[in-house]
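A note on names: the letters A, B, ... follow the listed sequences, proteins ahead of strands, and every chain is numbered from 1. Please read these numbers as outputs of a predicted model, since none were measured by experiment.
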Amino acid sequence: MSNDTVLKMRTRAREMLASGEVTQVLAWEAGEFPNYPAPAFFKDENACGRILYDRFCTANLSKFMIEASRNEGKTLVFLRPCDAYSLTQLIKENQVNREKAYIIGVGCEGCVTVYEGEECGLLESCLVCIKTDYPIYDELIGTENNPRTATTGTERFEGVTRVEETDASARYGFWQTQLSRCIRCNACRNICPTCHCKVCMLDKESLTNPPNPLENKFFHVIRAYHQNGRCTDCGQCARVCPQGIPLQLLNRKLIKAYKPVEVQP
Amino acid sequence: MPVNIVAFCCNWCSYAGADLAGTSRLAYPSQVKIIRVPCSCRVDEAFVLRAFIRGADGVIVCGCHLGDCHYMTGNHHTKQRMEALFGLLEFMGMERERLRLEWISASEGAKFADTMAGFTAQVEKLGKNERYAGKCFEAADAETTNTEATDTETADVEAMDVEATDAETADTETTNTKAAEDI
């Protein structure tokens, strides 16, 4: 990401806070570890120098807007195209008040994965990215030199097709291997922008025992199924999984097979 | 060992269809356990999953024919949801033959009996559900058993455990109350 974009972002954040147009700014700042920026709220214009934006900013800021739009005053938020899609979904579901958000779309070069502080390739969801436009924005920064081109949309289902083509016992074996690694940290659920229920059925006390593979499978069936027709394929679930489970496969399976409810008159 | 089938039947059509099958003296396999729901769209994914956890080998969801729903659009939602859920379960390695969605009206007693016989035969071919059955939600099961135990049984347990202190009994009672709340 060009330095120019980050400077523009900081300037805009300062201006907006100084003029009182927004009461807080939602952006990224340097995190605890190198190359691991974290989302942060900025309320003081002098702190805006800490705003950061590079290819390591993998966090989707749209979920934080649920909390932010309950506060007094407007929030300035920086969104990449895939985050903007998530926010659109949240606005549709009346979780975020559009009036309370000032959205600046920032150019995206794709995010990279980090292993021990080092860059190691694009995120899987960025490799098969289908979103380069902004469905919602008030202003755009740094999009003119956006080098990304969207894939046609069939590439992202290749993984699903590969699993689908095998027989039932092979599919069972595949998921048994993958999901027996799950430690049920609930990170996939907590990061998901469309997982925003205040009371979650997966929080049941009897479920927090040492996880077993069958329970894990049904946990992930329920988690994925609840996003049916709502998942924007932002890829955060797979990104945050500490065990590297390809959770997006489940969501993409549902996206691939999705049919809206057809009510005949 | 016979297979267990759980049939979710909507109150207005399929359950009445089952009733008609009964009054018409049409036999259908006795291992079909019918659970009545107000509308087939009341069946959520957790019902189906729980049925498998608790030892079902096949699950069939029955509702009114499309367009005949007592609540106008309920079964259209059922169709969309169950197709998605069945697809996802199939994707995760469950045999598709263990899952079915069927429309049976109140006047179709014969269809109900035939469907159940056919579905049971289909599941019997696959045998017991080995992949997706087992010790899941063990704690929940233990708690449930605890609550379901009759007074006599509880008394027996207490009699056996002579050294049980009052405090321990109080603990058990708390657990029971908690389990009851869970349910």
Could you check which of A:Glu164, A:Gln176, A:Lys217 has the highest count of heavy-atom pairs closer than 4.5 Å to chain B? A:Lys217
Which distance, rounded to the nearest 0.5 Å, do you find between the CE of B:Met94 and the CH2 of A:Trp175? 14.5 Å
Does the side chain of B:Met92 reach to within under 4.5 Å of the side chain of A:Arg171, using non-hydrogen atoms? no
Would you find more than 12 non-hydrogen atoms of other residues, nucleotides or ligands less than 6.0 Å from B:Tyr15 atom OH? no
Passes side chain to side chain contact (heavy atoms under 4.5 Å, CB included), B:Arg131 versus A:Leu214? Steps please. CA-CA 8 Å; B:Arg131 288 180 190 161; A:Leu214 176 70; over 6 Å; no
If you tally heavy-atom pairs under 4.5 Å against chain A, which of B:Met72, B:Glu90, B:Glu95 wins? B:Glu90
With a 4.5 angstrom heavy-atom cut-off, is it the side chain or the backbone of B:Arg96 that approaches chain A, or both, or neither? neither
Can you tell me if A:Phe157 has over 12 outside heavy atoms packed within less than 6.0 Å of its CZ? yes
For A:Leu249 and B:Phe91, the nearest pair of non-hydrogen atoms, with its separation, is O-CE2, 3.9 Å
Chain B contact via A:Tyr258 - which portion, at a heavy-atom distance below 4.5 Å: side chain
Please report the closest heavy-atom contact between A:Leu254 and B:Ala84, naming both atoms and the distance. CD2-O, 3.7 Å
Hey, which of B:Leu85, B:Leu89, B:Leu88, B:Asp44 has the most heavy atom pairs under 4.5 Å with chain A? B:Leu88
From CD (B:Glu45) to CZ (A:Phe218), nearest 0.5 Å: 11.5 Å
Calculate, to the nearest 0.5 Å, the distance between atoms CG and CZ belonging to B:Leu49 and A:Phe219 respectively. 13.0 Å
Which heavy-atom pair separates A:Lys253 from B:Gly87 by the least distance, and what is that distance? CE-O, 3.5 Å
Roughly how far, to the nearest 0.5 Å, is CD of A:Glu262 from CG of B:Leu66? 9.5 Å
